[in-house]
Amino acid sequence: MKFLSFEYQGQKTYGVKVKREEAAWILPEVFKAFGEGDYPETLLAGLEQNGSIDFQEAVRKVVVQAEKSDNKAQYKVNFSNIKFLPPVTPTNNVIAIGRNFSKHAEELNNTVDRLYVFTKAPSSLIGDGNEIPLHSDITHSLDYEGELGIVIGKYGHQIPKGMALDYVYGYTIVNDITARDLQKEHAQAFLSKSLLGGCPMGPYIVTKDELPTPENVNIVTKVNNEIRQDGSTSEMILKIDDLIAEISKYIALHPGDVIATGTPSGVGAGMNPPVFLKAGDEVKVTIDGIGTLVNTISEK
């Protein structure tokens with residue numbers, strides 16, 4: 001399944017992609033019509049209930065009934081009529097991993113001898129099709145980083161590596177937008193990577209059963225249709241189970257938490273000379289099996 005959150009007719013809601021259509025089932029409406037008892041009003045609430053119910057199975061059951069309905073059109077909406085939101089806004093900051101691709105570390109003259117973790121504020125999250133502010137008043141070196149995002153499906157602390165994948169609900173795409181000059185000036189990553197609009201995510205969360213080999217998928221980032229990054233998650237130094245086990249040694253992971261797993265080489269700061277994003281640029285990040293996250297840079 002491909003879950004998404006979106007705005008439709010002025011209301012924020014969530015759904016699941018209709019098979020073979022560029023449309024979404026409006027899940028609160030589907031649950032209201034065909035479900036039993038209380039239903040989650042947001043995708044995050046659905047993930048939080050996943051421990052007590054099988055959220056994915058509950059969705060499957062009501063969608064099957066909606067598909068058989070004589071008035072099924074009233075329960076779905078075309079993508080052309082919605083505004084994509086980040087598929088989930090976690091209760092914690094977005095957890096991000098730096099220097100997890102050796103060639104990317106090398107292009108920025110960084111070492112890869114230890115785990116490098118930073119976070120991005122939830123206020124930086126935007127959805128597919130939304131504009132990324134240029135932030136020209138505070139930076140002149142806005143850069144992109146296409147990444148695979150892990151979405152956590154249940155609470156866990158000090159998770160053993162052998163059980164780590166049991167805590168994954170699915171995967172998404174993250175564009176780790178970074179103000180390189182601020183990153184260097186501050187000698188840390190939080191502010192330079194948490195600018196408003198600095199964490200495009202989506203368009204979907206793809207459940208892990210639909211992406212059985214997440215550590216062997218291509219990541220391609222294009223700027224104005226020019227390929228800048230062309231890598232694979234097979235290049236990750238720390239794998240998905242490594243990351244979950246290591247991070248959860250120190251902090252508890254909650255349903256809806258997102259871990260951005262690092263980026264391959266090809267960022268603007270690594271070019272000679274560096275080439276940073278400018279107003280009007282279109283940035284596309286594509287990951288096999290998930291889709292394409294598209295955002296443009298605004299004038300300010």
Side-chain angles (χ1 to χ4, degrees), residues 94-120 124 132 134-136 138-150 172-195 197-201 214-240 242-243 246 258-278 281-288 290 292-297:
V94 174
I95 302 163
I97 309 302
R99 307 171 189 175
N100 200 29
F101 287 69
S102 58
K103 290 182 180 178
H104 170 60
E106 291 167 6
E107 71 179 347
L108 297 185
N109 298 314
N110 291 319
T111 59
V112 293
D113 59 347
R114 59 183 177 181
L115 180 69
Y116 181 77
V117 181
F118 57 91
T119 66
K120 296 173 75 77
S124 67
I132 302 167
L134 184 61
H135 295 290
S136 57
I138 56 173
T139 182
H140 300 287
S141 58
L142 210 63
D143 207 353
Y144 52 84
E145 293 188 7
E147 310 195 8
L148 175 72
I150 305 166
T172 189
I173 302 172
V174 174
N175 188 350
D176 177 19
I177 297 292
T178 307
R180 297 295 183 190
D181 48 359
L182 299 182
Q183 184 181 25
K184 185 176 181 179
E185 177 185 338
H186 297 159
Q188 52 84 25
F190 179 67
L191 296 179
S192 63
K193 289 176 173 282
S194 292
L195 300 177
C199 193
M201 184 167 71
E215 294 175 340
N216 189 27
V217 292
N218 294 325
I219 303 176
V220 176
T221 303
K222 296 180 180 179
V223 178
N224 302 326
N225 285 322
E226 175 193 353
I227 295 177
R228 297 285 186 84
Q229 294 181 288
D230 189 359
S232 168
T233 54
S234 63
E235 302 169 42
M236 291 194 301
I237 298 169
L238 294 173
K239 306 301 184 183
I240 292 170
D242 295 318
L243 294 173
E246 188 66 22
V258 176
I259 302 171
T261 56
T263 197
S265 62
V267 300
M271 300 174 72
N272 187 17
V275 178
F276 297 114
L277 296 170
K278 61 184 185 302
D281 282 351
E282 179 186 68
V283 186
K284 296 180 180 179
V285 183
T286 301
I287 297 182
D288 292 346
I290 301 178
T292 299
L293 174 65
V294 183
N295 301 92
T296 55
I297 309 299

For [X] and [Y], work out which heavy atoms get closest and say how close.
X	Y	value
G231	P264	CA-CB, 4.0 Å
G149	V174	CA-CG2, 4.2 Å
S234	K239	O-NZ, 3.0 Å
N295	P200	OD1-CB, 3.3 Å
H104	T263	CB-O, 3.3 Å
A189	Y116	CB-OH, 4.0 Å

Give a yes or no answer on whether the side chain of [X] reaches the backbone of [Y] with a donor-acceptor pair at less than 3.5 Å.
X	Y	result
Y144	N175	no
K120	G198	yes
N100	L238	yes

For the [atom1] atom of [X] and the [atom2] atom of [Y], what is their distance to the nearest 0.5 Å?
X	Y	atom1	atom2	value
K222	Q229	NZ	CD	13.0 Å
T221	E147	OG1	CD	9.0 Å
I290	L148	CD1	CG	5.0 Å
I219	F101	CD1	CZ	4.5 Å
I297	E282	CD1	CD	10.0 Å
I237	T261	CD1	OG1	11.5 Å

Please tell me if the side chains of [X] and [Y] come closer than 4.5 Å, counting only heavy atoms from C-beta onward.
X	Y	result
I132	L142	yes
D176	F118	yes
L277	I177	yes
S232	N216	yes
E246	V117	no

- Task: Apply the test side chain to side chain contact (heavy atoms under 4.5 Å, CB included) to residues L191 and L182: give CA-CA distance (whole Å), side-chain angles for both, the deciding distance (0.1 Å), then the verdict.
- Result: CA-CA 8 Å; L191 296 179; L182 299 182; over 6 Å; no
- Query: Is any side-chain N of the basic residue among D281 and K278 closer than 4.0 Å to the acidic one's carboxylate O?
  - Reply: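 Salt bridge: yes.
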- Message: If we count only N and O atoms by modelled type, under 3.5 Å, do the side chains of T178 and D143 hold a donor and an acceptor together?
- Response: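 Side-chain D/A pair, T178 to D143: absent.
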- salt bridge (Lys or Arg N to Asp or Glu O under 4.0 Å) between E145 and R180: does it pass, once the steps are laid out? CA-CA 12 Å; E145 293 188 7; R180 297 295 183 190; 2.7 Å; yes
